[in-house]
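Values in this document were obtained by computation on a predicted structure and should not be read as measured data. Residue numbers begin at 1 in each chain, while the letters A, B, ... track the order of the sequences.
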Number of protein chains: 2
Amino acid sequence: MSEISKSDADQLREAGLAESSADETVFIELLFFAYRDFVSDPDALLQEYGFGRAHHRVVHFVARNPGISVAELLDILQITKQSLARVLKQLVETGFVQQQQGAQDRRQRLLFTTEKGEALFDKLREPQSRRIKNALSGLDARDRAGAERFLSYLINEDERSMALRLSNAVDR
Amino acid sequence: MSEISKSDADQLREAGLAESSADETVFIELLFFAYRDFVSDPDALLQEYGFGRAHHRVVHFVARNPGISVAELLDILQITKQSLARVLKQLVETGFVQQQQGAQDRRQRLLFTTEKGEALFDKLREPQSRRIKNALSGLDARDRAGAERFLSYLINEDERSMALRLSNAVDR
DNA sequence: GAAATATGTCAACAAGGCTGACATAATCTA
DNA sequence: TAGATTATGTCAGCCTTGTTGACATATTTC
């Protein structure tokens, strides 16, 4: 990993000049750059539909969790009811998402993607999937495991198991 | 890594039912959850100053790259001149960032943090640094290297070396 | 029957993206 | 040196997506 040399930080540390934050700061910035480029992929595609990133997140998590309730979706996205309602309404009106009254609890509106929604989900996932696949192609199994662990440990502890359960859900 | 089991996806794959995107989708969602929580840390602190995430990014990269030009900062943040100008103006007016005419090229306004800006930088970095440190504490050296590699390979190839050069810059 | 819950809705606001046009000063180049 | 290019700033206006708080409805639970 010659590109990812830490020589400067190492030298500083040996000289006793570095704060302990040196190492972490590398990761702070790697996360910024990686996420910046990672989310940039779907944006151009979304414009064709007049949608934004918020729509993408909703379509993605509804497609991945068919029958999810509004409350569960709010939990995942960590935005307010109103922020979700706005984009969800548009997605329902334009036929990308369907609502269905809950069977056990009829107060719930369970959410599903339509075929159209499924197609959008795939279309938006494709470039991100490609980027991930490309990144993983340079890594061996140990590296991949390390990346997966690191990301999962960044998630708030009290929500980690839920997040991992969702991410590892059956992929259709 | 019992928590990060891939049993569902594995079963599907063995049954020949899974699309090749199954593995990547786990990373797509891990990135979402990790970044969601990662950026949530500084938000409460920023409110005390009446600032938002955009201010954070500017303060961070100016503090990390003293004397950076406006053009270089735009390159990092990948936003428009106007979006930057708005928050930069506020940071200068409130005394967190200083401008200084370039010596060689006097058209440039080189940016520096003030002591006040430096203090804010540290204050905002602290919780993120703590989160990273906490995540790394559960990992061995191989895992850490894997995480670092994975994130760097997610960055657009034509900007990767710049990003890595910045991230590995001398940490003060 | 009353309280709690799931959801929706409305009005209003703020942050921070965007565009496009135009201005100024400084540098580079033919 | 004149003209083109570059670095930056600024103005007006727009859009998305986040926020709050109040209130309404239907349903479930106690």
Pairs under 3.5 angstrom only: tabulate donor-acceptor contacts from the side chains of residues 49-56 of chain B to other protein residues two or more places apart or in another chain.
residue	atom	partner	partner atom	Å
Y49(B)	OH	K123(B)	NZ	3.3
R53(B)	NE	D43(B)	OD1	3.3
R53(B)	NE	D43(B)	OD2	3.1
R53(B)	NH2	D43(B)	OD2	2.8
H55(B)	ND1	G52(B)	N	2.9
H55(B)	NE2	Q90(B)	OE1	3.0

Original post:
Where the side chain of A71(A) is concerned, which of dT17(D), dT7(C), dT8(D) is the nearest nucleotide?
Top reply: dT7(C)
Original post:
So what does E72(A) hit on the nucleic acid, given a heavy-atom distance under 4.0 Å: a base, only sugar-phosphate, or nothing?
Top reply: nothing
Original post:
Is the closest basic N to carboxylate O distance between R142(B) and D140(A) below 4.0 Å?
Top reply: yes
N/O contacts under 3.5 Å, protein versus nucleotides 27-30 of chain C?
residue	atom	partner	partner atom	Å
dT27(C)	OP1	Q104(B)	O	3.3
dT27(C)	OP1	R106(B)	N	3.0

Original post:
Between residues 74-94 of chain A and DNA chain C, which residues have a heavy-atom gap below 4.0 Å?
Top reply: K81(A), Q82(A)
**OP:** Find the distance R53(B):CZ to dT17(D):P and express it as a whole number of Å.
**Re:** 14 Å
Subject >> Between dG9(D) (C1') and L111(B) (CG): distance, integer Å >> reply: 13 Å
Original post:
Hey, are R130(B) and E126(B) close enough for a salt bridge, meaning a charged N less than 4.0 Å from a carboxylate O?
Top reply: yes
**OP:** Please state whether the rings of H60(A) and F121(A) are parallel, tilted or perpendicular, taking 30° and 60° as the class boundaries.
**Re:** perpendicular
Subject >> Nearest-angstrom distance from the residue atom CD of Q47(B) to P of dA15(C) >> reply: 10 Å
Original post:
Between dG17(C) and R57(B), is there an OP1 or OP2 to side-chain N/O distance shorter than 4.0 Å?
Top reply: yes
Original post:
Looking only at atom types and distance, does a side-chain atom of Q128(B) sit under 3.5 Å from a main-chain N or O of F38(B), one as donor and one as acceptor?
Top reply: yes
Subject >> Integer-rounded Å distance: dG16(C) P and D43(A) CG >> reply: 18 Å
**OP:** May I ask you to verify if any side-chain N or O of H55(A) is less than 4.0 angstrom from the OP1 or OP2 atom of dT17(D)?
**Re:** yes
Subject >> Q101(B) atom CD, neighbour heavy-atom count above 12 within 6.0 Å >> reply: yes
**OP:** Name the residue closer to the 5' end of DNA chain D, choosing between Q99(B) and G50(A) according to the nucleotide with the nearest heavy atom.
**Re:** Q99(B)
Original post:
Between the side chain of R125(B) and the main-chain N/O of E24(A), is any donor-acceptor distance below 3.5 Å?
Top reply: no
Original post:
Out of curiosity, N156(B) CG to R36(A) CZ, how far, rounded to the nearest 0.5 Å?
Top reply: 7.0 Å
Original post:
About how many Å separate CG of L74(A) and CD1 of I79(A), when rounded to the nearest 0.5 Å?
Top reply: 6.5 Å
